[in-house]
Structure formats: structure tokens, C-alpha cells
A.B. asks: 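Quick one: structure below, then a few questions.
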There are 2 protein chains.
Amino acid sequence: MAKQQFADRTYHHGALHDTLIQSAWEMIDLHGVESFTIVDAAQQAGVSKAAPYRHFRDRDALIDAVVDSGFEKLGAMVQEAVQSYETGSREKIITGGLTYIRFFHQHPAFFDLMFRGASDEDTSTDHSTRPQCLQMHIDAVSAWCYRAGVPEDMVVDTAIKMWATVHGIVSLSLNSTLRRACVETDIEELLRSFSDTFLDGIEASCQLLE
Amino acid sequence: MAKQQFADRTYHHGALHDTLIQSAWEMIDLHGVESFTIVDAAQQAGVSKAAPYRHFRDRDALIDAVVDSGFEKLGAMVQEAVQSYETGSREKIITGGLTYIRFFHQHPAFFDLMFRGASDEDTSTDHSTRPQCLQMHIDAVSAWCYRAGVPEDMVVDTAIKMWATVHGIVSLSLNSTLRRACVETDIEELLRSFSDTFLDGIEASCQLLE
DNA sequence: CTCCAATGTTAACATTGTTAACATGATATT
DNA sequence: AATATCATGTTAACAATGTTAACATTGGAG
């Protein structure tokens with residue numbers, strides 16, 4: 001459906017690369033990676049099933065590109081949500097986390113995909129969007145740490161712990177088996193209280209140092 | 001290699017169901033799920049490629065059974081590691097978490113697999129090993145909470161948060177992109193300090209209530 | 001001992017990923 | 001403007017896999 005603007009055009013598609021990534025995103029978003037095929041993607045774009053191979057080495061490479069676009073979307077969404085909050089505020093960190101949660105609740109199929117362990121050591125493509133997302137988070141935590149008097153050498157540690165928390169919560173809430181165990185738990189409230197307990201703990205331990 | 005005890009036996013294999021699960025475990029453990037095929041599994045068991053369909057509806061059903069066996073292994077390993085610790089102790093919880101981390105560092109391919117979100121609502125098979133793993137953890141946290149004077153209605157909440165923490169840490173340490181950000185971080189030490197900060201926070205907030 | 005249900009085999013088939021050989025046309029160069 | 005070139009698309013093949021149907025074997029219940 002749709003995408004007819006290119007379907008009956010000329011011999012050359014003109015924007016196949018981007019169209020494939022976008023189509024693939026939508027298809028995976030709706031039905032998961034397992035059922036995603038190059039054939040379907042090509043058909044939806046109105047080209048032959050061999051055409052995608054002019055733009056992507058193989059199926060995995062296309063999926064990899066879709067994952068990159070996912071990190072872009074995630075980064076943009078977090079940035080958007082976070083910008084109005086004061087630099088160094090606790091709310092800025094928590095809002096980032098909440099947005100992270102909401103993003104993957106909207107696109108659950110991509111959670112597994114974007115953080116699967118077996119990411120090839122693919123040096124050919126860029127992938128810079130991935131560390132960027134983490135860096136945004138580290139910056140926010142870093143600013144808060146500075147304000148709260150947390151020593152320099154604990155910043156990355158603190159950021160990692162906060163990220164692990166948010167990530168673990170998402171994973172929990174997306175897993176069908178484990179979800180049953182906490183069906184009545186408000187996920188967003190869970191993150192808030194968790195963050196507060198944790199950040200309180202950091203602050204307390206740092207005040208002892210002074 | 002191996003499995004010849006059944007290979008040249010009779011027309012009927014005799015233990016194909018379990019053999020397939022075990023072979024599949026090993027193959028996935030070594031090379032990941034994507035490259036796992038029914039054909040290979042059948043060949044390794046010394047049967048035709050159609051034989052597995054007498055025991056499993058399709059490829060996914062076999063993988064699902066392997067995942068169940070994984071939860072069994074995980075549960076056994078945690079139980080083993082934890083049993084010598086005192087009921088209700090903080091160390092018992094942390095040791096459980098450390099074992100969880102070690103298990104998935106030994107079997108990284110199964111982390112994605114065992115916690116993938118799109119687990120079908122398959123009511124046909126058992127799957128009771130999955131909640132069992134979580135229940136063990138909840139019990140340990142529950143015992144600690146009782147000792148620490150944490151009110152009843154905070155127990156599940158606390159257990160979920162601890163689980164999310166451990167799970168997030170594993171996910172972080174297995175992901176190739178994110179691993180780089182914390183390459184010099186000692187994962188096990190990270191869990192210890194995180195747990196201490198968090199559990200201290202819980203204890204402190206509960207003492208205020210008294 | 002006989003029969004049947006469980007389990008295994010062989011032989012097909014559609015789908016998919018992938019490549020090779022060929023076609024087209026947008027664009028730079030003369 | 002004419003043309004050469006290279007990126008991009010097409011068609012036609014292929015092997016591998018998942019899956020099913022039709023048939024074979026056998027262990028065990030009656």
C-alpha cells in the first residue's frame with residue numbers, strides 16, 4: 001500500500017535506498033524481524049527482488065541500516081522530550097528514561113533488534129548514531145553529577161547504572177512471561193521511584209565524603 | 001560428532017526429542033539462532049530432516065523447547081550457587097545476580113533468545129520453568145525484605161527493580177556497541193556497588209517509617 | 001499373535017537469499 | 001550535442017530451507 005509515487009515511474013527508482021529502509025522499518029515494526037523478507041521489501045518498493053542488492057550487501061546489512069535509523073529516531077525523540085528541562089536537573093535524566101521506555105513500548109520489535117549482542121564487528125558502515133544515543137544520556141547524568149557534587153570518576157559509572165536500570169525495566173515490561181509477574185505495576189512510576197532511590201543514595205554517599 | 005550411540009541403531013531413534021533439544025542447544029550456543037537449521041539438527045542426530053516434525057510443530061517450537069531447557073539450566077545454576085548462603089542475606093541476592101551474569105556471559109546467544117519480547121502466547125506447552133526462575137529471585141528478595149523490615153507491599157516492587165538492574169547490566173555488557181563505552185568497568189563489581197547503593201536506600205527509607 | 005499408534009523415511013513443493021549476465025539511463029566528458 | 005561510463009534496475013537461474021503428504025517400520029497394548 002502507498003509508495004506508488006515511485007512504483008510506475010521510470011526504470012530507475014530514484015530513492016530506493018531510503019525507501020527500502022523506511023519500508024523495512026514499517027514491516028518489522030508491524031510483524032517482527034523474523035518474518036521480514038527482502039522479497040516483500042522489494043515488492044513494496046515496486047522493484048524486482050534483486051534490486052535491493054545494489055544498495056545492501058545482504059539481508060543483514062539492510063536490517064543493520066534499519067537499526068541505525070532506529071537509533072536516529074530514538075535519539076531525536078529523546079532530544080525533543082528533554083530539551084525543555086533544565087541542564088543538570090534530575091527530571092531531565094528521568095524524562096530521558098521515560099522517553100526511552102515509551103519509544104520501545106511503541107516499537108517493541110526493535111528492542112531485541114537494536115540491542116542484540118551479536119552485532120557484527122562491521123567496520124564498513126558508520127553506526128555513529130549508536131554511541132551518540134548513549135553519549136546524550138551520559139551528558140545528562142554528567143551535568144547532574146556536577147551539580148550534586150559527585151566526583152568526576154564516578155560519572156560514567158553512574159550513567160551506566162542509570163542506563164542499565166531503564167533498559168532492564170523496558171526488557172522486563174516487554175517480555176510476555178515476566179510481564180505477568182508485574183502486570184499491575186506502573187512501569188513509569190517504577191522508573192521514577194527507582195531513580196529517586198538510586199540518586200538519593202548517590203547524593204547521600206557523596207555528602208559523607210565532604 | 002558424537003551422538004553415534006543412536007546414529008546406527010534401529011529404524012527408530014529412541015530419544016530423538018531430547019537429543020534434538022540438546023543438539024540444538026549446542027549449535028545455537030556456538031553459532032547463534034539465525035544460523036540454526038532443522039536440517040543440521042536432524043543430521044547431527046542421524047535422522048532425516050523430516051523426522052523432527054514428529055516431535056515439534058515447527059522450527060520455532062523446537063527453539064522454544066531449547067529456551068525452556070535454558071531456563072532449567074539457569075535455574076539449576078543459580079540454585080547451586082545460592083544454596084550455601086544464609087536465607088535473607090544480602091549476599092544471597094547478589095550471588096544470584098552474579099550467577100545470572102556469568103550464565104549469560106557463558107551463553108550469550110541465549111540472552112536475546114530467552115528474553116525476546118515476541119514470545120507467542122503459546123498455551124500448548126508448559127513453560128513453567130520461566131516463572132520459576134523469577135520466583136526463586138522473588139523469594140530471595142522477599143526473605144531479605146522481611147529481615148530488613150521492608151513492608152509487604154514493597155517486596156515485589158523491590159524484586160522487580162533488582163531483577164531489572166541485573167538484567168540491564170547483562171544486556172549492557174553483551175552489547176558490542178555499548179560495551180566499548182565501559183570497557184574498563186568490572187561488571188561484577190558494578191553489580192555489587194549498585195546493589196549496595198540500592199538496598200541501602202531501601203533500608204534507609206524504611207527506617208524513616210518506623 | 002495381531003493390530004495400531006508412534007515414529008521414521010522419501011519425495012515432493014514454495015519461498016527465500018543470492019549471484020550472474022544483461023539492460024537502461026543519468027551524467028560527466030569531449 | 002554526441003557519447004562513454006557507471007550506478008542502478010531486470011530476468012533467470014541456483015541451492016538451501018521449512019514444511020507437508022504418502023508411505024514404511026516397529027514397539028507394545030489387547
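Quick note on labels: first sequence line is chain A, next is B, and so on, each numbered from 1. Below, all heavy atoms of this structure are taken into account, side chains as well, without hydrogens, waters or symmetry copies.
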A.B. asks: Residues two or more places apart in sequence or in another chain: which of them pass side chain to side chain donor-acceptor pair (under 3.5 Å) with B:Glu91?
C.D. replies: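 Partners of B:Glu91 by the side chain to side chain donor-acceptor pair (under 3.5 Å) criterion, ordered by chain and then number, come out as B:Arg192.
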A.B. asks: Could you check whether atom CD of A:Gln43 has more than 12 heavy atoms from other residues, nucleotides or ligands sitting under 6.0 Å from it?
C.D. replies: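 Counting other residues, nucleotides and ligands, CD of A:Gln43 stays at 12 neighbours or fewer.
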A.B. asks: Send over the distance from A:Phe56 CZ to D:dT8 P, rounded to a whole Å.
C.D. replies: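 So the CZ-P distance, A:Phe56 to D:dT8, works out to 11 Å.
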A.B. asks: Can you name the side chain to side chain donor-acceptor pair (under 3.5 Å) partners of A:Gln79, sequence neighbours left out?
C.D. replies: none
A.B. asks: How many Å lie between CD on B:Gln43 and P on D:dA16, as a whole number?
C.D. replies: 11 Å
A.B. asks: Nearest-Å distance, CG (B:Asp60) to P (D:dT17)?
C.D. replies: 16 Å
A.B. asks: Could you state the CG-P distance from B:Leu16 to C:dT9, rounded to the nearest angstrom?
C.D. replies: 8 Å
A.B. asks: More 5' along DNA chain D: A:Val47 or B:Tyr53, using each one's nearest nucleotide?
C.D. replies: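 Its nucleotide being nearer the 5' end, the pick is A:Val47.
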A.B. asks: Going by the ring pair (Phe, Tyr, Trp, His ring centres under 6.0 Å) test, name the single residue among A:Phe110, A:Phe103, A:Phe115 that passes it with A:Phe71.
C.D. replies: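 That would be A:Phe115; it is the only one of A:Phe110, A:Phe103, A:Phe115 passing the ring pair (Phe, Tyr, Trp, His ring centres under 6.0 Å) with A:Phe71.
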A.B. asks: Output the distance between atom CG (B:Asp139) and atom NZ (B:Lys92), rounded to the nearest 0.5 Å.
C.D. replies: 10.0 Å
A.B. asks: State, to 0.1 Å, how close B:Ile138 and B:Ala159 come at their nearest heavy-atom pair, and which atoms those are.
C.D. replies: CG1-CB, 4.0 Å
A.B. asks: How many Å lie between CZ on A:Arg57 and P on C:dG17, as a whole number?
C.D. replies: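 Spelled out: CZ on A:Arg57 to P on C:dG17 is 15 Å.
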A.B. asks: Compare the minimum distances between each of C:dT9, D:dG18, C:dT19 and the side chain of B:Ala50, then state the nucleotide with the smallest one.
C.D. replies: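 Looking only at heavy atoms from C-beta outward on B:Ala50, the closest nucleotide is C:dT9.
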A.B. asks: Closest-nucleotide mapping onto DNA chain D: is B:Arg54 or A:Ser48 further toward the 5' terminus? I mean the 5' end.
C.D. replies: A:Ser48
A.B. asks: How many whole angstroms separate atom NE2 of B:His55 from atom P of D:dG18?
C.D. replies: 17 Å
A.B. asks: Please tabulate the protein-to-nucleotide N/O contacts below 3.5 Å involving nucleotides 12-16 of chain C, giving atom names and distances.
C.D. replies:
none

